[in-house]
Amino acid sequence: MPPCRPCVPRASQSLPAPLRNAPWLRRLGLSVLFTAALSVLAASTDGVVTHPVPNPLLRADGSPIATAAEWSGQQRDALLSRFEREIYGRTPTTAVPMTADVREDVVLEGGALRRKQVRLTFRSEEGIATAELLILAPGRSTGPVPIFLGLNSGGNWTISQDPGIAAPAGHKRGRHERRWPVDFIVQQGYAVATLCCDDFFPDKNIESYPQSMQRLFPADQRGPGADQWGAIATWAWGLSRALDYLASDPLLDSARVAVIGHSRLGKAALWAGARDARFALVIANNSGCGGAALSKRIAGETVRDINSRFPHWFCGNFRAYNDREAKLPVDQHQLIALIAPRAIAVGSASDDAWADPLGERMALELAQPVFALFGIPSLDAPHPGDRQRLHYHLRPGEHDILLPDWQAYVRFADRVYGRIRD
Ligand code: GCU
């Protein structure tokens, strides 16, 4: 995997101290930015340049969208195609047949935990490839359980010390354990389902295309190319294939699947959730540039930064916007809007200037008018009731996904699924 984050953030990327505080962001910063960003140049309270962003309720020809039906029809499809063409690349519609082999299904810990390990095999005329799916679920559930489905970045054995999780010899277990508080999630009545992103597209560099699952597709449907899919779109495709399996498993409730990801995998979760309406809830944790953060706000990681260091993540066309964010025909608030009327949670961390927490929050706010078409209350609605579908939090601390983030996501999922009410 390429190196993670530059060690020393540039001074201009740090959030000024007062802006690290969420109520400040809400009360002072964002209401101003929200109206300003839809018109001309938006000057944010932290002095960062934000180019004007497209109004999500205007069609490309400038005509307004007034109803949910107008949004869900042509406008949604047109926008999705624009994101494919300019940023993530086109995902082929060719189906690759998949089979699932349940290699293990055991109940452990005196009935508290059920562990399933499933090998997904993909076969096409071009070749064969596998992905290993790990499911950890409550052992004593009486009905189908809701799921958090997310990719991991080191192998399934990195999420836990559990010696029963299949691992190649000599691999260190539990390296990312802090990011996957499985006991907590399972105790709350949810299953965790995870696969390694490298099974779908090795997260190395531009040379990795031939080792990715793209090799199962006809040659003209593989990247790299101007509008061919990159690693993020391939990971998102993998998440949808995992959902295909989950939907066939009676243990699990495929109508209540949250697709979740941290950082680069948060970008993949967002793109998966935007494309595949079967995901009831989409969670982008510290997803930053190419994820929930506005690209037209020039803060933290820029389009040039990300294209230079991770040229395999996006399609070739995205590079045309290096240092030219103002020219981008879309921005990430519209990606979030593609999830409406389903639920979306964006999580930021106060010291994660590289991911631009304020830009993440702004994108969510700027998507609200689309959710409003469906009667979904705004983030700040005092009594959102059972229609709450938007969540944002700013966790104090660094770039990571930790127990407090998961606690917030589980609580939000509980609300979305009507498991708790005000
Ligand atoms: C780098 C990259 C980010 C990404 C992050 C991660 O910092 O620049 O865009 O989100 O790695 O995945 O941890």
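Note that the numbering runs from 1 along the sequence shown for the chain. Note that ligands are numbered from 1 as they come in the structure, with each ligand's atoms numbered from 1 the same way.
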| request: Any atoms of ligand 1 less than 4.0 Å from a non-hydrogen atom of Lys267? List them with their elements. | output: 3 (C), 4 (C), 9 (O), 10 (O)
| field | Within the 6.0 Å centroid threshold, strictly below: Phe318 and Tyr88 | value | no
| query | Is Asn156 reaching over with its side chain to a backbone N or O of Ala166, donor-acceptor style, under 3.5 angstrom? | reply | no
| task | List the steps and the verdict of salt bridge (charged side-chain N to carboxylate O under 4.0 Å, His left out) for Arg411 and Asp405. | result | CA-CA 10 Å; Arg411 196 170 159 71; Asp405 298 302; over 6 Å; no
| message | Using salt bridge (charged side-chain N to carboxylate O under 4.0 Å, His left out), reason through Lys116 and Glu104 one step at a time and then give a plain yes or no. | response | CA-CA 5 Å; Lys116 261 183 123 161; Glu104 182 193 52; over 6 Å; no
| message | Closer than 4.0 Å to some heavy atom of Ile306 - which atoms of ligand 1 meet that? | response | 9 (O)
| said: If we only consider heavy atoms of His262, is any one of them less than 4.0 Å away from an atom in ligand 1? | reply: no
| Is a side-chain donor or acceptor of Arg123 paired with a backbone partner of Glu126 at a separation under 3.5 angstrom? | no
| query | Do any nitrogen or oxygen atoms of Asn286 come within less than 3.5 Å of a nitrogen or oxygen of ligand 1? | reply | no
| query | Is there any N or O on Ser287 that sits under 3.5 Å from an N or O of ligand 1? | reply | no
| task | Using a strict cut-off of 4.0 Å, indicate which atoms of ligand 1 neighbour a heavy atom of Arg309. | result | 8 (O)
| Is the charged tip of Arg222 near the ring of Phe217: under 6.0 Å from the six-membered ring centre and within 45° of its axis? | no
| task | With heavy atoms of Trp313 as the reference, note each atom of ligand 1 found under 4.0 Å away. | result | 4 (C), 9 (O)
| query | Which bit of Arg264 gets closer than 4.0 Å to ligand 1, counting heavy atoms only: side chain, backbone, both or neither? | reply | both
